[in-house]
Structure formats: structure tokens, C-alpha cells
Amino acid sequence: MMKLYSYILVVAGLIAVTSCEKNYLDRSPEDKLTPENYFRSENDLALYCNSFYNSLPDAEGVYNEDIDNIVKNTLPDQVTGKRQVPVSGGGWTWDNLRNINFFLENYNRTLAPEIANKYGAVARFFRAYFYFDKVKRFGDVPWYSKAIDQNDMEALLKKRDSRTLVMDSIIADLDFAIANLSATKSSEKVTKWTALALKSRVALFEGTFRKYHTDLNLPDSKRFLELAAAASRQVMDGNVYSIYQGTDNMGYQQLFSSVNAIDGEIILARKYSDGLQIWHNVNYYTITASYGKPGLNKDLVNTYLMRDGSRFTDKPGYATMSFYQETQNRDPRLSQTIRTPGYKRIGGTAVQTPNFGNSVTGYQLIKFVGDVRYDSYNRSENDMPLFRYAEVLLNYAEAKAELDDLSQADIDRSVKLLRDRVSMPNMLLTDATANPDAYLMAQYPNVKGSQAGAVLEIRRERRIELVMESFRWDDIMRWKVGPILTRQFKGMYFPSTGQFDLDGDGKMDVWIYEGNKPTASGIQLLKLGSEIILENGTSGNIIVNAHIAKVFDEKKDYLWPIPTQELQLNENLVQNPFWE
């Protein structure tokens, strides 16, 4: 029987605190780590806490977004509706929690509270981070505040605790972290500001989830939205962070391509370094066909405003514009996210047009792409942002708008700062509320209230600012707009087959042909029907994965299933609705 229980929750052996990256120090050998001979010095606490950082997303967990912002030649199971109840795993893993709880039971044995609590705060930050991920995935989950002994059957076989209990416990952990962490900013270590940023993220998610998932009858959506606004405001009032301006109006792109995290804006980053031999793969990911040929979705390209602040989708004929036409005089973040006319690689001199061999939509990604010297497989070393000030500002504006309490002053201290970075006009509350964008309303039909137009504009801003940073799935889930994933994913528009000049320099860049392959050099040759498919046969937008059905079941797909093995081992667990 104990062999079976070894699969349950936190009975996964000894404390998993090893570090796989050289910038984090390894702990003492497992056979020597006991409460009696460890946790005796501040250095002991610091070394142990370093292990918690391994639970943060790696670079691929940030840039490798593939929901509906970024389109690839394959689709994830969340989009196709092919998720199945797994036998084991499936995110229902608890060893990181045991690691944290073991520390929290023992960290304050000998040291004075003013020393020990700094490290207890780090642990409680990571416990909040751990449980936030579990709640987003499964809803109700068992709350454990201590490391469970393998013989504690009552704890091992407990029911799931309510979402309300777990979320309140997460907020309590974050409040302790905020009160006890250092206020000295650091892009590599958790600080008071990181905890406030996480509280802002957590509370916004939960407040909007409860507001829009009315079928679940969850209380206190307003309280969580108020917590999100308050936590964001604390960061804003701290005057520790600002929006990075960069040089030559390129601050947005430079923020992500910088080798070292720009800690004026980035609150916490995952460290990468050539010297430490820790790399990731973002350059290679965007310039080869090996990783699904990622490209921006046409729907997102349409969402970027004109440079003067007007809506692109209000322009006559916007849907049938050529690539060159549609990229003129747009929000500069578009040209700092994808290749647009005149684009040159960092470290390169030649003008580069989009490469359809590396991007299924033609809207080829450049966000996070660094110097050409990093183009080899797994050689990128730019730090990867996990929390940044821009998100906090967007959280603040969204929370206030969802409360129907957004003022122009609130916009001026949040959204305006993001617009200023790229020399875009400010968002005006009166315009947004008086004339909500019909294009966005079609995407988010459940947005209601006196400030619905402002909510839509902030969602636009959030999608553009945070694209390729892996927020999109969570946003769709909390806003309860899963069916948005079932729309056809599209790319550039072409009026016919033939040759096309993408960047307006008089040189043909793409030739869409039928029949035999033309003899030509210096031009991308794309065979209609195989290498490229157009919506109307010989004209229209590129369509991607048209043969793959996209399904979203609103009854069950906002949560993930619990593995069958866990249900067999613990009869007190109940499967999520409609996953039986």
C-alpha cells in the first residue's frame, strides 16, 4: 500500500532543492540536511532559498507562446480540444511545495526574527507563486502549510480545499513577503517589489476570473480587484521603477534584446550568461523552420493602433491592405515586434524582409531577438523578464476599469507611460467610453458596464505590450472568452498569385506560383496550395492549419483535469466538472 501512496502529492522522496543552473549555489548533501544541523546561520538560509528560483519559468517558458497571439504550423492541445485526462503528472506535482514547507517549518529555529523573516518571506513568496499556478490550472486544490510525513494518511488523503480558502492563503503569504522582503530592487532576487508585482498579478487574475465566471458563484471579485489596484499603486508610488525609454524611439525592442536585464523597468528576470554558460534559444527559434515557424496572428496585427492613436480597423479597406500598406504609420511597437519594411538585424547591415520559410503567417517575430552573433542553436544570452513594471501599470489600469472606477488621471499614470515610450498619443477615457471599438467588442462580447470601452482599450494595450511573454492563455481564461481560440488563424493578405514587393523598395520579395516552380533567384518562391494557402483560393489572407479543427468546450476547458492515478489513490479527490 505504501508503494501506491508514494505517488500521492508530496510523498516524492527527499527535499528537491538541487540547482541546475550555475548562477545558483547548490545546497548541502541530502543525507546531512536535517533541522538539527542546518538552518543555523544566515548563509544556510540563503543557500536553501536559492533552490526556490528553479521553479520560475525558463526562457522558453516565456517566449514560446502559442495560443492565438503567436501562430505556428502545429497547434497546442488547449486550442484543438484534444486535452485528455492524464494517467499521472499533468501539473499535479507537489515536490516543490514540500521543499518550501520544510524550510518554513525550520528556518526560524535559531536566528533572530529580523534575520530569519527575510528568508521566510522569500519562501512564502514562492509558496504563493506555486499555489497561484495550481489554482489557475485546477481551481480547488488541497492547501498544505507544512511538509507532510509519508505516514500522515489524513493529510495525504484530504479533499481539495476551496478556491476561496487557497486564494486568501496566497494573499496572506504575499502580505508577509511584502512586509519582510528587502525594498532594494534587484532583477535577480525576489524583493518587496516582486511580491507586490505578484500580488497585483494574482489579485487581478482572481478578481476578473470571479467577475466573468458568474456560473461558479465565487464571492469577492470586487475585493480582489481592489487588492490588485492597491498593490500596483504601491509599486507605482514607490518611484523605484520607470518605463525604459531607450534610444532612437526603440526602447521597447531594446528592453528585450538587451543582454543584461534593464532593472529600471524589469522587476525580476531569469539570468542568462555566456560567461556562466547558461543560454537559451530565442534567436534560433525565430530564424529557422525548426520550431513551428512562429508568426504573429493577423487578428493581433489588426489590433495595433495607427501612430496618431486612431483605429486601424476603422480605415476603409483595412482587411485587404498589402503588407507594406498595413505597416505604415502604426504603433511603433508593431515594428519592434515583427519585421516590417526597412528592418535590419541587430549587428547586421542588410535590410531584411519577412521570411516565409521561418514564419507561417509572414509576420516574423523580432521581439527578444539579439545580435546576429547569437544565431546559432541555443546561444542567446539575453536575460528573460518574468515581472516588469509595464505589467504592473496595465494591471492597475485594468483593475480600476473593471471596478468602473478608472479616471483620466489613472490612465495618465499608467497607460500613458507605455504610449509615451513609443511616442504614441495618450488614451482618452471620454473617447474610449463614448465610442467602444466594435472590432474588440466582437472579440470580448461579455464586457459590460459604463467603462466597457475603457476595458476594451486596456485589453488592446495589454495584448500588444505583453505579446510573446506568455500571458495570453491566462488572460483568455480569466476573461472567460475561450471560444476566441476557435477562430481561423491568418497571416498576410495577397490579392492574387504572382510577385510582390513587401517593403516598397521596387524589388520583388515573394512569388506565389501555381504549377511548375519558376526559375528565379533572390526571391522567395511559395507554391500555392502547399507552401502557402490563401483564404479564397487564389487570393486572400494566408490561412494556417485550416485542416485542424479548433474546439473549446466552455463547460470544462477553463480548468485542467486531475490525473486518474491521483483519483485512484485518493478517493476524496473529485475530478473537475465534465472531465470524468
Side-chain angles (χ1 to χ4, degrees), residues 2 5-56 58 93-134 142-156 169-170 172-184 186 188-192 194-195 198 268 270-271 276 278:
M2 284 311 302
Y5 287 129
S6 67
Y7 290 98
I8 302 176
L9 302 177
V10 293
V11 196
L14 296 174
I15 308 161
V17 294
T18 55
S19 171
C20 62
E21 294 191 353
K22 294 185 179 180
N23 59 318
Y24 297 129
L25 298 176
D26 291 338
R27 67 173 183 84
S28 296
E30 288 179 351
D31 60 350
K32 296 181 180 178
L33 198 161
T34 65
E36 291 73 30
N37 64 18
Y38 206 68
F39 306 118
R40 300 179 66 85
S41 70
E42 184 171 358
N43 189 56
D44 289 344
L45 303 187
L47 289 177
Y48 195 106
C49 282
N50 283 340
S51 69
F52 300 150
Y53 289 82
N54 291 323
S55 64
L56 295 171
D58 60 11
T93 53
W94 300 81
D95 40 338
N96 283 340
L97 179 63
R98 179 175 174 83
N99 181 24
I100 294 166
N101 280 339
F102 180 86
F103 179 83
L104 286 171
E105 286 184 85
N106 295 288
Y107 77 96
N108 56 358
R109 284 174 170 264
T110 59
L111 297 175
E114 60 268 22
I115 297 174
N117 283 347
K118 293 186 298 182
Y119 299 97
V122 173
R124 291 184 71 168
F125 170 91
F126 279 100
R127 186 166 68 184
Y129 190 95
F130 173 91
Y131 263 112
F132 179 45
D133 180 69
K134 288 291 180 284
W143 173 265
Y144 292 101
S145 59
K146 64 178 182 177
I148 308 302
D149 184 87
Q150 63 180 351
N151 296 313
D152 187 348
M153 292 298 105
E154 181 179 357
L156 292 172
S169 300
I170 289 172
D173 273 352
L174 288 173
D175 285 342
F176 182 90
I178 291 162
N180 290 280
L181 283 166
S182 170
T184 302
S186 168
E188 294 186 42
K189 293 293 182 181
V190 167
T191 68
K192 168 185 176 179
T194 325
L198 179 56
L268 183 68
R270 186 91 179 202
K271 182 68 179 173
L276 294 172
I278 307 169

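The analysis underlying the following values was restricted to heavy atoms, covering all of them including side chains, and did not include hydrogens, waters or symmetry mates.
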> More than 12 non-hydrogen atoms from neighbouring residues, nucleotides or ligands closer than 6.0 Å to CZ on Arg109, yes or no?
Replying inline: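 Counting other residues, nucleotides and ligands, CZ of Arg109 exceeds 12 neighbours.
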> So with a 6.0 Å cut-off around CD of Glu114, is the heavy-atom count from everything else above 12?
Replying inline: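 Enclosed: over 12 neighbouring heavy atoms sit under 6.0 Å from CD of Glu114.
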Atom pair [atom1] ([X]) and [atom2] ([Y]), whose distance is rounded to the nearest 0.5 Å:
X	Y	atom1	atom2	value
Leu97	Phe126	CG	CZ	13.5 Å
Leu111	Asn117	CG	CG	10.5 Å
Met153	Ile148	CE	CD1	10.5 Å
Asn108	Ile115	CG	CD1	12.5 Å
Asn96	Asn101	CG	CG	11.0 Å
Tyr107	Asp44	OH	CG	15.5 Å

> Looking at Trp143, is Lys134 sitting on its ring face, NZ or CZ under 6.0 Å from the six-membered ring centre and within 45 degrees of the normal?
Replying inline: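 No, Lys134 does not sit over the ring of Trp143.
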> Would you find a donor on one side and an acceptor on the other, under 3.5 Å apart, between the side chain of Asp152 and the backbone of Ala155?
Replying inline: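 Judged by distance alone, yes, a pair lies under 3.5 Å.
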>> Check whether Asn106 reaches the backbone of Phe102 with its side chain - one donor and one acceptor, N or O, closer than 3.5 Å.
In response: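 Checking the backbone N and O of Phe102 against the side chain of Asn106, a donor-acceptor pair under 3.5 Å is found.
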> If you take all heavy atoms of Thr191 and Ser186, which pair is closest and at what distance?
Replying inline: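 Taking Thr191 first and Ser186 second, the nearest heavy atoms are CG2-N, 3.8 Å.
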>> For a quick test of reading the model, state the closest non-hydrogen atom pair linking Ala147 to Glu105 and the distance between them.
In response: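 Taking every non-hydrogen atom into account, N-OE2, 2.8 Å.
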> For Phe125, which residues count as a ring-ring contact (aromatic ring centres under 6.0 Å, His included) partner, sequence neighbours excluded?
Replying inline: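 If we apply the ring-ring contact (aromatic ring centres under 6.0 Å, His included) test to Phe125, skipping adjacent residues, there are no hits.
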> With a 4.5 Å limit on heavy-atom distance, are the side chains of Lys189 and Tyr53 in contact?
Replying inline: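 SC-SC contact between Lys189 and Tyr53 confirmed.
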> Do Leu268 and Leu56 have side-chain heavy atoms sitting under 4.5 Å apart?
Replying inline: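 With C-beta onward as the side chain, the pair touches.
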>> Over 60° means perpendicular and under 30° means parallel, so tell me whether Phe39 and Phe103 are parallel, tilted or perpendicular.
In response: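 Perpendicular, since the angle between the ring planes exceeds 60°.
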> What's the verdict on side chain to side chain contact (heavy atoms under 4.5 Å, CB included) for Tyr144 and Arg98, showing C-alpha distance, side-chain angles and the deciding distance?
Replying inline: CA-CA 9 Å; Tyr144 292 101; Arg98 179 175 174 83; over 6 Å; no
>> Using the side-chain contact (heavy atoms from CB on, under 4.5 Å) definition, which of the options Tyr131, Tyr48, Phe52 pairs with Ile100?
In response: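 The side-chain contact (heavy atoms from CB on, under 4.5 Å) with Ile100 is passed solely by Phe52 among Tyr131, Tyr48, Phe52.
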For residues 173-182, dump all side-chain donor-acceptor pairs below 3.5 Å to protein atoms at least two apart in sequence or in another chain.
from   : atom 1 : to     : atom 2 : distance (Å)
Asp173 : OD1    : Arg124 : NE     : 2.7
Asp173 : OD1    : Arg124 : NH2    : 3.0
Asp173 : OD1    : Arg127 : NH2    : 2.9
Asp173 : OD2    : Arg127 : NE     : 2.7
Asp173 : OD2    : Arg127 : NH2    : 3.4
Asp175 : OD1    : Lys199 : NZ     : 2.7
Asn180 : ND2    : Phe176 : O      : 2.9
Ser182 : OG     : Thr184 : N      : 3.0

> How would you list, by chain and number, every residue that makes a salt bridge (Lys or Arg N to Asp or Glu O under 4.0 Å) with Lys118, sequence neighbours excluded?
Replying inline: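 Residues passing salt bridge (Lys or Arg N to Asp or Glu O under 4.0 Å) with Lys118: Glu42.
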